[in-house]
Amino acid sequence: MRLEPRTDIPLALRLLAPVGAVVAALALCALLVAWTGAPVLRAYGLLFEGAVGSRFALTETLTRATPLILTGLAAAVAFRTKLWNIGAEGQLYMGALAAVVVGGGMLDLPGWALIPVVMIAGMAAGGATLLGPAVLKVRFGVDEVVTTLLLNFVVLLLVSMLLEGALKDPMGMGWPQSAPIVEAAELPKLVERTRLHAGLAIALGLSVLLWLIDSRTVWGYENRAVGANPRAAAFAGMPVNRIMLRTALLSGGLAGLAGAAEVCGLKGYLTLDLSPGFGYSGIVVAMLAQLHPIGVVGAALFIAGIFVGADAMSRAMPVPNYIADVLVAASLLCMLVAGLLARYRLRRG
Amino acid sequence: MDFLSILLDILLSAAFWTAVLRIATPYVLGTLGELVCERAGVLNLGIEGIMTLGAMAGWMAVYQGAGLWTGLVVAAACGALLGLLHAALTVPLGLSQHVTGIGVTLLGTSLSYFIYRLVLPQASTPPTIQPFQPLDLPGALAQTPLTYLAFALVGLVAYVLYRTPAGLAVRMVGENPAAAEAQGLNVTAIRIGAVMAGSALMALAGAFLTLSAFNAFFFNMVNGRGWICIALVVFASWRPGKALLGALLFAVFDALQLRLQQASGGVLPYQLFLMMPYLLSILALVLVARRASYPRALMIPYRKGER
Amino acid sequence: QGKVKVAGIYTVPIEQQWVSRIHVALKAAADRGEIEYVWAESVANTDYERVMRQYAEAGQQLVFGEVFGVERAARAVAKDYPKTAFVMGSSFKPQEPNFSVFDNYIQEPAYLSGMIAGGMTRSNVIGMVGGYPIPEVNRLMNAFMEGAKEVNPQVKFSVSFIGSWFDPPKAKEAAFAMIDRGADVMYAERFGVSDAAKERKVLAIGNVIDTQPQYPDTVVASALWHMEPSVERAIAAVKAGSYKAEDYGPYSMMTNKGSSLAPLGTFESKVPDAVKAKVKEREQQIRDGKFTVKVNDAEPKSTM
Amino acid sequence: MPSSLKGGPEVVLRLAGISKRFGPLLANDGISLTLRAGEVLALLGENGAGKTTLMNILFGHYVADEGSIEAFGRPLPPGSPRAALEAGIGMVHQHFTLADNLSVLDNVAVGTEPLWRLWSDRGAARRRLLDLSQRFGLEVRPDALVGDLSVGERQRVEILKALYRDARILILDEPTAVLTPQESAGLFDTLRRLTADGLAVVFISHKMNEVFAASDTVAVLRAGKLVATHPTASTDRAKLAELMVGRSVKPPSPTPLAPGEPVLELAGVTVASGHGRPLLDGADLTVRRHQVVGIAGVSGNGQTALAELVSGLIRPDSGRLSLKGSVVDHADPAGMVRRGVARIPEDRHSAGLVGAMAVWENLIAERYHDPAFSRFGVLRRGAARSYARQVIEEFDVRCPGPDARTQLLSGGNMQKLILGRTLAHGPDLILASQPTRGLDIGAVSYVHSRLLDARAAGAGVLLISEDLDEILALADCVAVAYHGRLTPPLPHDRVSVSQLGLLMAGHWDILGDILPETQGENGNAA
Ligand SMILES: Nc1ncnc2c1ncn2[C@@H]1O[C@H](COP(=O)(O)OP(=O)(O)OP(=O)(O)O)[C@@H](O)[C@H]1O
Ligand SMILES: Nc1ncnc2c1ncn2[C@@H]1O[C@H](COP(=O)(O)OP(=O)(O)OP(=O)(O)O)[C@@H](O)[C@H]1O
Ligand SMILES: [Mg+2]
Ligand SMILES: [Mg+2]
């Protein structure tokens, strides 16, 4: 058996593939659900309901998708240029750190001015965090997969140190958390009485913007060239190192923005458990989207929906709530296979 | 006491080196496992999940009445199984090794938790087993059999890689799969085999945590050790001997920070000490980076008849 | 049929000592047939608010949990569901009308266990390994240190934090490191510490839960937390329709049987009588309200 | 053993009706061939004619859609390189299949022992390798890393790989494409020794002189079909060329032109290598308008450094590089393009083009900052596409259109793409580094005529090539590179191939005979 690339992919197949993937994942996990003794069909009904079945479910899915879109974009822009940034988690925390510092009352500005400043501060901090590994890569050829990965631990410890030291909330009763940001720095809610905040709008706007940059501008062109063949790009006269560093700033910036948006839109202050691995999930999101900025939105919504839905399901049934992560993982893997089967056909010989 | 004499004091104590060997063991096993996968050209970011599954499955087997060694076999088998999943997706299908690996980590971790909770729904104190005991030997030699096993495996893996036809085949498919195929080797089978073997080693690293270092399974117990192994493989320039060295070095940093943290009398934030192993690893990477020669086909999928 | 519907929302697995005390108390109530109990564990703080709402929407009458990382959001949810009773682990004040707070105020038995530790150490070095220096941990460590110093002014403490709640092998290594440097009594805030003590044949003091059955020759005493008084009080109030926001903190104290010093058990005969007498005296004073253990949430430091 | 009807040597290989499709493309169309022991069969055909595909089917890399293969009278199971190896077929691939990080011995021995054996007998393997290498005059160092070897040495390793497995049929896919003349000659020597032993050889080449020098039979493929099979002796160059491309191909004939002012001058340029001998060592060189200056030399004598220097990828450590009379201080690729240098890189796949990008994107790669192609950082895609259509048309790049992925172009068309990118703007200096390597004769003649057109239009051409025929056909004068040094320019009509060969080997003492006016340096350059 071998795989043969399809020359053109029928639209039906393109649409059917993700559906098939989800069905396959659900079928696989049905075994686990059945093992717990819960009725499988009802469980999946509840999953669907929990993900999109109500205004509340929908806004929750969107809320959870927001940081995923941003970290997904962070991974996508970096991977496009073959900068393997596995450190979005750390960059996210650095962005959040900057947000609580800048948004914590240091500046006395009205909301329309303060929010952009805080977001940009978050981006700057995230970008600066990735700049280090990028410089090491460009300068000394140090593998960035490893440095960015290791920096995640360092950043988390740094945040922990600051939360127990300089940034500790004096009103926090000793709990390691930062003082809350000022009200002017809070992102407005998109829907009343839900958690959905303007971070989603920022994320959506950025994915469109990045898509335009990628496909229409000199920047995007250079990024793609360097990603596909740095030697040829350098030969043609492109400043490869500068492009690499620029990409690092952007990618880290997007991850930092994810952190800032979580702080300003959702949480209001910084703790050590701001992110349940959004940085790592961003990689998954980006690759599911095949690094396409618009696709990132879809992939993030998908991952968020599965998680929120399965989590809700586990609440209504005697199923351990770890099923949510199992389902996300299974859907991811099935989605990868389905994407492949859409692009290739299976042939004998 | 001034800093230097404290340092000297620590470094000269047998207990320190006992701790180093103990701490190094899971890193040695995990790094070896990752190394075998990467030598065959497959990055395995599933390591964290595979270690978690190994820790859970090995422990669960023993908890259900199996012997400790049987538990190890069960862990290795479960690891190999997850490895097979990773390999099936990344080798014949050529899917992205990054994403598949992260997917495998997520799956391994969540599945372990799910199964653990399903089997022990009402545990409010983690149930325990009787783990491997340190051998009754003097000083740093007083280790559990698993530590000895890990160190023996370094030699074994090195021997297999450099002295057997199978090892040469593994290195070849990691360097240039097209060349391996032109020599009549089945690239797909060799890669799958290597990933499974490597994953079994990773699972042993996980099982060490529950069957030797401790006696119960905990959620989040692997705690990033797998990611460190990935860094150690790069540090080791994909060589088993250097992997051992890297794991020992990391363990030295870790054992040292635990001791310095106490000796510092709380003057410095404890996080600075916890950071030390990571920062020193990055520094070590910068120093070896120029000389590292990675397997050329690493992360590049090979599909027969495609170019 | 008057079963109260109760939900638990925990940010960590139910094996984590702190949470396990709530879980055990609620489970006991469920076993007695007083409540219907459901729970969600390992809920990330990002998701905490959603889970609270889902339980409230699902008609749970009483919700237990810990909101240390999500104080603001949790209180907002409570406002939105005034008919649901929330009893949450928190360092802050209760919030009218339905948001009650509790915490592990077990500094009293911790103080007493410190006295025993101070009396048992030969090397005058006591090792303490913690996860993170949060108030819930610091408070007990500080009380413990005070108690030890009362009995044994020479005693020195070695403190370290491992930066994780869930890494017993690492806690064990930290404990080994202390024992290597002379500690002969270990304060076991984390799982793993008692194992190190057992392996090295030194002593350990338990915390929050009683681990002497697992380590009969190692664990001398433990400061225990009992959530039962709080849980029973809340259930009764909900049942009676008289539930209101209040501070459940006192129900974790010794006077209300919310905490206790575990029986010495296997160490009954090994702890010097003088020490035992002193502890007994202090214990009585605490019960009588004649002695208060200071609540000190500052990060404890090594004194070596 | 059944012998053929004619009573000649035994038939060792029989391909019958081989067809292979790649999607819509019929790469091989009912091809039948036979090969006899001791025979050398040359397989000719344009780029993309299907030669490699046919050989890949024979060796089991691909599975034919139709047809069958017999080796030594037995059917060969399809799709298994292992079966092919076991049947005595060895293949030297068009692109080397060697692992750079492994030793020569490892590369040769891998897969020859049972996989589950608990040890490998490296001693025996080494003895066998050395023995073979001696027997066939293929000198190798068993413990050297392949990555450290020259292309010629790698070629030897590839052949040894096949011989090590007792190949009785050897397939060589463009084995000389990257070899120097000396290395090629060595290869053909070896082949003669092998065929004398009864080995049968299929060899693919674009170089006519090799076909005539080495083959007994020649088979020509065109667009997947076998169009002719002839004994080599009964045919000639022109006829073969016509069979291949379907039309007659004329060799280039440069018209004499008076050289103009200098466009490129190197004065005492040295480029250090980081270790040992410098890459370029006090090189002096002048290229004038209306002039083609050829650089001849065995690869590894400084040509790459010279090309990188003129491309702007590296800078001289000492000495001076001037363009059109002004010294270039901080050279970089973009600066060189701005100064009117057209650069044709040695390696079109990895340095010349971004394979994953569209044709139009590659065509503007050197000048996307030009206001014609971008404004305020936004690409003008329409303008770029229509420009690309123009270049495609003008340079006869055969591709579906400006949006085609560059990867899918054949080597010849990739080269035309690069020509189009660089020559479309009336350059002052053209750096042509191995411009026709691996191209078929149709494509070669196209590239040559383009270079000569540019020369006529006033450009100076620096032609770096390992193909002496090419240099002698195009260059007005030749400089030979040896150990990083360059001879003075030698007028092409005053120097012969054999003299060039001596100079390339370092015998610079003959310079005095060729250029009586200069004092022949100081004898041997070595
Ligand atoms: N793996 C493949 N997938 C798709 N098409 C292929 C593949 N390999 C070859 N082809 C097609 O088969 C045709 C023949 O290619 P092949 O490599 O055999 O040409 P060739 O005669 O060896 O050319 P050259 O002289 O340039 O080496 C090509 O035009 C190409 O379109
Ligand atoms: N992945 C692919 N899928 C489809 N066709 C391909 C692919 N790769 C190459 N081809 C086709 O193969 C043909 C020949 O490609 P190839 O790379 O062999 O060119 P070439 O002329 O041999 O190059 P070179 O001069 O470098 O040897 C081209 O016509 C191209 O369309
Ligand atoms: Mg070919
Ligand atoms: Mg070719």
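Convention: sequence-line order gives letters A, B, ...; per-chain numbering from 1.
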Engineer: Please state whether the side chain, the backbone, both or neither of B:Phe217 comes within less than 4.5 Å of a heavy atom of chain C.
Structural biologist: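 Neither part, no heavy atoms under 4.5 Å.
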Engineer: Checking C:Lys170 against chain B: side chain, backbone, both or neither under 4.5 Å from a heavy atom?
Structural biologist: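 Backbone plus side chain of C:Lys170, per the 4.5 Å heavy-atom cut-off to chain B.
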Engineer: Non-hydrogen atoms of chain B under 4.5 Å away: do they reach the side chain of C:Ile14, the backbone, both or neither?
Structural biologist: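 Contact with chain B: backbone and side chain both.
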Engineer: What is the minimum heavy-atom distance between C:Lys172 and B:Ala213, and which atoms define it?
Structural biologist: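 So the minimum-distance heavy-atom pair works out to NZ-O, 2.6 Å.
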Engineer: May I ask you to name which of C:Ala196, C:Ser160, C:Ser42 has the most heavy-atom pairs under 4.5 Å with chain B?
Structural biologist: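 Of C:Ala196, C:Ser160, C:Ser42, C:Ser160 has the most heavy-atom pairs under 4.5 Å with chain B.
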Engineer: Pick from C:Arg21, C:Gln17, C:Met178: which one has the most heavy-atom pairs with chain B under 4.5 Å?
Structural biologist: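 Looking at each option in turn, the highest pair count goes to C:Met178.
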Engineer: Can you tell me which portion of B:Pro127 sits under 4.5 Å from chain C's heavy atoms? Options are side chain, backbone, both or neither.
Structural biologist: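 When you check distances to chain C, no heavy atom of B:Pro127 falls under 4.5 Å.
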Engineer: Taking the six-membered ring of C:Phe176 (Phe, Tyr or Trp), confirm whether the NZ or CZ of B:Arg259 is under 6.0 Å from its centre and within 45° of its axis.
Structural biologist: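 No cation-pi geometry.
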Engineer: So which part of C:Gln16 gets closer than 4.5 Å to some heavy atom of chain B, the side chain, the backbone, both or neither?
Structural biologist: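 Neither part.
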Engineer: Side chain, backbone, both or neither: which part of B:Gln257 has a heavy atom under 4.5 Å from chain C?
Structural biologist: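 Only the side chain of B:Gln257 comes within 4.5 Å of chain C.
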Engineer: Under 4.5 Å heavy-atom distance to chain C, tell me which part of B:Thr18 shows up: side chain, backbone, both or neither.
Structural biologist: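 Answer is neither: B:Thr18 stays 4.5 Å or more from chain C.
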Engineer: Step through it carefully: locate the ring centre of B:Tyr270, locate the ring centre of C:Phe161, and say whether they are under 6.0 Å apart.
Structural biologist: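 Yes: the rings meet the under 6.0 Å criterion.
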Engineer: Decide if atom CG of C:Asp31 counts as having more than 12 heavy atoms of other residues, nucleotides or ligands within a radius under 6.0 Å.
Structural biologist: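 Yes, CG of C:Asp31 has more than 12 neighbouring heavy atoms, counting only those of other groups under 6.0 Å.
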Engineer: Identify which part of C:Ser158 has an atom lying under 4.5 Å from any heavy atom of chain B, answering side chain, backbone, both or neither.
Structural biologist: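 Answer is side chain: those atoms of C:Ser158 sit under 4.5 Å from chain B.
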